[in-house]
Amino acid sequence: MGDLKNTASRTFDAIVIGSGISGGWAAKELCEKGLKTLVLERGRDVKHIKDYPTTNKMPWEFEHRGRLPLEVEKANPIVGRCYAFGEATDHFFVKDNEHPYVQEKPFDWIRGYQVGGKSLLWARQTQRWSDFDFEGPARDGFAVDWPIRYKDLAPWYSYVEKFAGIAGDKDGLAELPDSDSLPAYPLNAVEKYFKGIVAKNYNGRHVISGRCAHLSQPQQIHLDQGRGKCQNRTICERGCPFGGYFSSNATTIPWAAKTGNMTLRPHSVVHSIIYDEVKGKATGVRVIDATTKDAIEYYAPVIFVNAAALNTNLILLNSTSNRFPNGIGNDSGVLGKYVAFHNYRARVSGTYEGLQEFTTDGRRPTSGYLPRFRNVRKQETDFLRGYAAGFGASRSSKQSWDGVGKSLKEHLLNPQAGPWKVNSHMMGETIPKESNYVALDGTKRDEWGVPQLKIAIDYDANDEKMIKDYQEQLTEMFEKAGFTDIVVQDSKAAPGLDIHEMGGVRMGRDPKTSMLNEWNQLHQCKNVFVTDGACMTSTSTQNPSLTYMAFAARAADHAFTELKKGNI
Amino acid sequence: MQRRTVLKNFLILAAGTVVIPSCMNDRSAASIPLKHLQVDGEGEKLLAEISETIIPKTAIPGAKDVYTHLFALKMIDDCYGPEKQQQFETGLKDIEKLSKKKFGMGFLKSSPAQREQLLTELESRKKGDALYDFYQMTKALTVQGYLTSKYVMTNITKYELVPGRYNGFAPVKTVYHQI
């Protein structure tokens, strides 16, 4: 790092806070444009391949076969509820006692503090948003109008998709614009059958192959990144030695490093952004070294905040000055408010007795997907917005466990094809509200001296109606397909496990009601950019990461242009 | 036993965990370190034979060959709560008593046929019966340990770490082969 006392050695052209999906993109873009960029990551470094300790382990090499010891489960009730947390992956998750927060209402905050962040762990679903999403708040009268439309983001979707590698079909649906994609992973026999049933019985309902950030057919740009074809291992959360899926570690961070312009500093907890009242802009960030607890300042004319949605809120709230006593850029008082998420509570499952001659062979990193079909073109139900649905069919093996001795062994070693099981889960849009917020706790601090985040986020009546509608509609569609043993579930899980928390630093046209302009700049401090989940004005139903990537690349381009013009 | 309890409590106070050096055991210790379970070498042997009775060696290795008994001990010790651990310890003792009552000798001394007869009888008992619950816990771990053993996953079910393919219309008869 050079002499830390020397200001010059701590001065860069740009600072990016966070190295996850959106921070990695900001870093890549800024470095490629020639800006000396400091990337701050609060956790440890995770180098592609080298730091994936479980990636090539066989099932029998896990002494508890994937399960975690009881004492670990008991110590981690929050992260323990995340589907991906287990013996093969626990080293990539923040444990409950590592960074405490205050739950004013129950909220399962799932975090990954390391280089790459949650991009190592994500579910890799990448559906574009459409104008039915960006025009939603204005049409339906909630939140504020998005300051952009699909056409503003479309070229940036293409731009990030080509580099990241997105597998998907050209489905030609206005509500789910096609990606610049690689070949899709195919639907299986029962999924394809269901697709036909849905098309025959409903207008405007579609079953497609879920688009995902996997290299089904690598192009030169992917080979140049050192990545190869996805090998259908479907143990992605351990880190992929083939670079088969998009992660910052396999993709954007090494690309940024290759330019020679990136300085990556792990173990760097950002305390706050420094605001200079004379210059009227931000001049740098205050960092607490996670290991030594020393405070260090870094300076740059461009600052990207990509700490993940809620931590980005935390940093901005904690960036106080005489000019901004309530957090940087927060004259409006909107900061931390209008947080929303995706409602994943409900599932519908069943059995299919047909197509017994087929099963599946090998594995696949995605499954079927039903784009939103409720209230798309006009309001037609008693709740606002709608839900997308995951849909998958699978056929597992069955073997009788009855008896003892040789007959039992015979059964166990000769599995038969079990029944086809069909499963669906909802992904509901939630409405951002002032009462769903995060704030700094007045007294509690973490071990780095930063106030703890207080979280108050909950479902509302609209969400409950949507759950009921999803359950009814999927049940009806399953019945039309002749599926049996239909089971409808509501997990009643607290918000958070969707890991799609968004908002708090929302975009908008009016500085009185929003934090960021159409270029993801703070209205009141234009050299600070927010392009992670915190910037989202509304949530849509689609998995948001692809949209964060597009925002980050677009904003980095704008930042560079404005910097060259001397505007920031 | 009293001497051991006193010493054990002392060691808990001293180190925060139970460490009983093998020299203090009047019988042999289990072959893997156990933090919670009170199962000694004899108990381990008994468990190994129960597992082997559930999945015996044929032309293909049985439960004992792939150490399902050590897997079961590890799982119960690390992943199960005190109630289940207690149930397991008691079950090991009770199955021994049942064998003595039925056959006039302990499980380890009884013949393979007698062992199978005894477990078959347990199989027909009902949930809530302490020995039935012990047996089902042991059986579930034995089956899991066996099916996820290196031997079975490599040679029989042929697990693929790197499949490199997906066929959603695979004919059943090309995927399932009977052995």
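Letters go in sequence order (proteins before strands), and every chain restarts at 1.
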Name the region of [X], side chain, backbone, both or neither, that has any atom closer than 4.5 Å to a heavy atom of chain A.
X: B/Leu161; value: both
X: B/Val162; value: both
X: B/Ile60; value: both
X: B/Ala63; value: neither
X: B/Leu147; value: side chain
X: B/Tyr135; value: side chain

Select, from [options], the one with the greatest count of heavy-atom pairs under 4.5 Å involving chain A.
options: B/Thr157, B/Val143, B/Val152, B/Leu122; answer: B/Val143
options: B/Glu52, B/Lys139, B/Gln144, B/Lys173; answer: B/Lys139
options: B/Ala140, B/Gly164, B/Gly62, B/Pro112; answer: B/Gly164

With a 4.5 angstrom heavy-atom cut-off, could you sort out which part of [X] is near chain B: side chain, backbone, both or neither?
X: A/Glu357; result: backbone
X: A/Leu68; result: backbone
X: A/Phe242; result: side chain
X: A/Glu73; result: neither

Heavy-atom distance under 4.5 Å between the side chains of [X] and [Y], does that happen here?
X: A/Phe62; Y: B/Thr148; answer: no
X: A/Ser397; Y: B/Tyr176; answer: yes
X: B/Tyr146; Y: A/Leu408; answer: no

Around atom [atom1] of [X], are there more than 12 heavy atoms of other residues, nucleotides or ligands at under 6.0 Å?
X: A/Phe85; atom1: CZ; result: yes
X: A/Glu410; atom1: CD; result: no
X: B/Glu160; atom1: CD; result: yes

TODO: Would you check if the side chain of A/Lys406 reaches a backbone N or O of B/Pro56 as a donor-acceptor pair within less than 3.5 Å?
DONE: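 No; zero donor-acceptor contacts below 3.5 Å.
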
Open item on the list: Has A/Arg65 got a side-chain atom pairing as donor or acceptor with B/Phe71's backbone, closer than 3.5 angstrom?
Closed with: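 Flag not set: sc A/Arg65 to bb B/Phe71 has no pair under 3.5 Å.
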
Task: Interatomic distance, B/Ile55 atom CD1 to A/Leu413 atom CG [nearest 0.5 angstrom] - done: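 So the gap between those two atoms works out to 8.0 Å.
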
TODO: Output, in order, the C-alpha distance, side-chain angles, deciding distance and verdict of side chain to side chain contact (heavy atoms under 4.5 Å, CB included) for A/Thr360 and B/Val175.
DONE: CA-CA 8 Å; A/Thr360 62; B/Val175 174; over 6 Å; no

Task: Closest non-hydrogen atom pair between B/Pro163 and A/Arg363, with its separation - done: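 Reported closest heavy-atom pair: CD-NH2, 3.4 Å.
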
Open item on the list: Between A/Glu71, A/Arg233, A/Arg364, A/Lys192, who has the most heavy-atom pairs with chain B when the cutoff is under 4.5 Å?
Closed with: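 The option with the most such pairs is A/Arg364.
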
Task: Residues of residues 72-101 of chain B contacting chain A, heavy-atom criterion under 4.5 Å, by residue number - done: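 Listed by number, the contacting residues are B/Lys74, B/Met75, B/Asp78, B/Cys79, B/Tyr80, B/Gly81.
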
- [ ] Identify which one of A/Thr234, A/Asp361, A/Asn188 satisfies the side-chain contact (heavy atoms from CB on, under 4.5 Å) criterion when paired with B/Tyr166.
- [x]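 Output: one option passes, namely A/Asn188.
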
